[in-house]
J.: 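Structure below; questions to follow.
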Protein chains: 2
Amino acid sequence: MSTGSALLAELIEALRCLPGVGAKSAQRMAFHVLERDRAGARRLAERLGAAVERIGNCRRCRGFSETEICSLCANSGRDASLLCVVESPVDQAAVEVATGFRGHYFVLLGRLSPLDGLGPRELGLDLLAERLREGEVKELIVATNPTVEGEATAHLLSQLAREAGVRATRLAHGVPLGGELEFIDRGTLAHAFGSRQTLT
Amino acid sequence: MSTGSALLAELIEALRCLPGVGAKSAQRMAFHVLERDRAGARRLAERLGAAVERIGNCRRCRGFSETEICSLCANSGRDASLLCVVESPVDQAAVEVATGFRGHYFVLLGRLSPLDGLGPRELGLDLLAERLREGEVKELIVATNPTVEGEATAHLLSQLAREAGVRATRLAHGVPLGGELEFIDRGTLAHAFGSRQTLT
C-alpha cells in the first residue's frame, strides 16, 4: 500500500490483528472509517484502548471483568447451586445468550493440553476445587468443547466433582437442530444413536 | 451480549463501525483480541486514534495526508506532466498499486451529484482548474468510476481540460481480464465490441 500517508499504511497493518481481516479488508476498513466514519473510528480507538487496559479476569470465575469480581458473579439473583464450566469467555457468552441458564460460571481459559504447558494449575482447577469445597455448588455443568482435549478436561472436571461430592453433568451430544443425517459426521451420528431418547 | 463486563459490550458495539462487521464478527473480534492479542489491540487503538486525529487532506491533491502536502505530491521524482483524477483516496490507492503510473493525482472526494449537494465546488474543480492553468500538466487522465455520476463527472473534467488546452484521456472500458463473455453485462460487452482493437 503506497499512498500519501505513512499513518494510513500503519493503520492498515494494525487492523490485521483482527481475526478474519486480511490485507484487502484492512485497506477497505481504513479507507472507510477515514472517509465516512471518523466519529466511529475515534470511539473504537477509545473503547479498544479502555478494554485492553481495564478488562482483566474476574477473581472468582476467571471470566472477563473490569472489576475484581464480575457482574455475573456479583449478581445475587443468580442460582449459586449451579456452576457451568467453560473453556473460554466466548463460550461463556455463547451459553449466556443461547440458554436460559441463570447460575454461575467458571472459565478455564484453556483446555488440558500438557504439550502446550496447560495443566490443572493453568486452568485454575485449584480455585475451582476450593469453590466446590465451599459447599454451595450442587451441580457442576461441564461445557467444555467436544474435542479430544475438551473431553480430557471434562474427565478431570468430573473427578474433581466426585471428590467434592458434587453432581457433574455434561452437555448432550447429538444431531444439531436443522442438521441432516446424511451430512453429519459418523462419530456424532453414532453418539446420537446410542443416546436415543424415548418419545413422550 | 451479556457478559460480566460492560466495557466489553461497548467494544463490541464500537467494532461495528468497521465495514462488513456485524454483531457476530464484532463479538468474535473483541474476544479474540482480548484473549490472544492485547498487544495488537493496543497498537490498533493507538494507530486508529492517531490516524483519525492527524490524517487530513493534502492541500494540493486532496488525497489523504498527515502533512500539508502529501508525500506523492512532494515527490519530485514523479512525472508532473501527468495528472490522474480519481473519485476517492481508495481509488487513488488502487491505481497506485495496480498500475505503473508515476505521475500525480487529484482526488475529487466524491462525484458530481447535485441531489447530494455535490457540485463542482465540492469536488475542488476550481483547485483543479488552477492546477491545469499552471501549465505543467500535459495529460489529464480521467479515472472516475464507470457509473452514471462518474461519467457525468468525466464529461465535466474533459470540458475543464479542453478550456485549459490540456489533453484529456479516459480509462479504457472493456472485458475484464479473466472474465467470461457469457457472464459479462450487455453494456460492457457492447462497449468492448465497439472499441475492438487490431491484433498486432
Side-chain angles (χ1 to χ4, degrees), chain A residues 1-8 10-11 13-21 25 27-35 37-55 58 61 63-67 69-74 88-90 92-93 96-97 105 109, chain B residues 1-8 10-11 13-21 25 27-35 37-55 58 61 63-67 69-74 88-90 92-93 96-97 105 109:
Chain A
M1 264 304 305
S2 98
T3 62
S5 167
L7 280 179
L8 178 60
E10 283 180 11
L11 170 59
E13 193 272 320
L15 278 163
R16 299 190 56 182
C17 79
L18 299 174
V21 175
S25 326
Q27 186 186 325
R28 196 160 64 95
M29 286 173 171
F31 280 104
H32 175 91
V33 296
L34 285 174
E35 279 182 55
D37 196 4
R38 290 194 176 221
R42 199 172 289 125
R43 195 170 59 232
L44 175 56
E46 283 163 13
R47 290 187 179 173
L48 197 55
V52 169
E53 295 312 323
R54 291 169 48 200
I55 295 182
C58 170
C61 75
F64 285 145
S65 174
E66 64 254 33
T67 48
I69 301 294
C70 75
S71 60
L72 295 186
C73 284
S88 70
V90 69
Q92 177 190 12
E96 184 67 11
V97 168
Y105 292 92
L109 297 177
Chain B
M1 264 305 304
S2 99
T3 62
S5 167
L7 279 180
L8 179 60
E10 282 180 10
L11 170 59
E13 194 270 322
L15 278 164
R16 299 189 56 183
C17 79
L18 299 174
V21 175
S25 326
Q27 185 185 325
R28 195 161 65 94
M29 287 174 170
F31 279 105
H32 175 90
V33 296
L34 285 173
E35 279 183 56
D37 195 3
R38 289 195 177 221
R42 200 171 290 125
R43 196 170 58 233
L44 174 56
E46 282 162 14
R47 291 186 179 174
L48 197 54
V52 168
E53 295 312 325
R54 291 170 46 201
I55 295 181
C58 170
C61 75
F64 284 146
S65 174
E66 65 254 32
T67 48
I69 301 293
C70 76
S71 60
L72 294 187
C73 284
S88 70
V90 71
Q92 178 190 14
E96 183 67 11
V97 168
Y105 293 93
L109 299 177

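Every heavy atom of this structure was used, including side-chain atoms; hydrogens, water molecules and symmetry mates were not. Each chain gets a letter, A, B and so on, in the order its sequence line appears, and its residues count up from 1.
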J.: If I take atom NE2 from residue H32(A) and atom SG from residue C17(B), how far apart are they, to the nearest 0.5 angstrom?
T.: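 Here the interatomic distance stands at 7.0 Å.
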
J.: Measuring from C70(A):SG to L8(B):CG, what's the distance to the nearest 0.5 Å?
T.: 11.5 Å

J.: Between OG of S65(B) and CG of L7(A), what distance do you get to the nearest 0.5 Å?
T.: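 Those atoms lie 9.0 Å apart.
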
J.: Mind running side-chain contact (heavy atoms from CB on, under 4.5 Å) on R16(B) and L44(A) for me, showing each step along the way?
T.: CA-CA 9 Å; R16(B) 299 189 56 183; L44(A) 175 56; over 6 Å; no

J.: Is E46(A) in contact with chain B via its backbone, its side chain, both, or neither, using a 4.5 Å heavy-atom distance?
T.: neither

J.: So do Q27(B) and V97(A) actually touch side chain to side chain, heavy atoms under 4.5 Å?
T.: no

J.: Could you list the residues that satisfy side chain to side chain donor-acceptor pair (under 3.5 Å) with E13(B), not counting sequence neighbours?
T.: R47(A)

J.: Determine whether L48(B) and E10(A) satisfy the following criterion, side-chain contact (heavy atoms from CB on, under 4.5 Å), listing intermediate values before the conclusion.
T.: CA-CA 9 Å; L48(B) 197 54; E10(A) 283 180 11; over 6 Å; no

J.: To the nearest 0.5 Å, what is the distance between CG (L34(B)) and OG (S88(A))?
T.: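 Here the interatomic distance stands at 12.0 Å.
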
J.: What residues form a side chain to side chain donor-acceptor pair (under 3.5 Å) with E35(B), not counting sequence neighbours?
T.: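 By the side chain to side chain donor-acceptor pair (under 3.5 Å) rule, E35(B) matches no residue at all.
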
J.: How close do A93(B) and F31(A) get, heavy atom to heavy atom, and via which atoms?
T.: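 Residues A93(B) and F31(A), closest heavy atoms: CB-CZ, 3.7 Å.
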
J.: Below 4.5 Å from any heavy atom of chain A, which atoms of V33(B) appear? Answer side chain, backbone, both or neither.
T.: side chain

J.: Would you sort out whether R38(A) and I55(B) count as a side-chain contact (heavy atoms from CB on, under 4.5 Å), showing the intermediate values?
T.: CA-CA 10 Å; R38(A) 290 194 176 221; I55(B) 295 181; 4.2 Å; yes

J.: Report yes if some heavy atom in the side chain of L18(A) is under 4.5 Å from a heavy atom in the side chain of L18(B); otherwise report no.
T.: yes

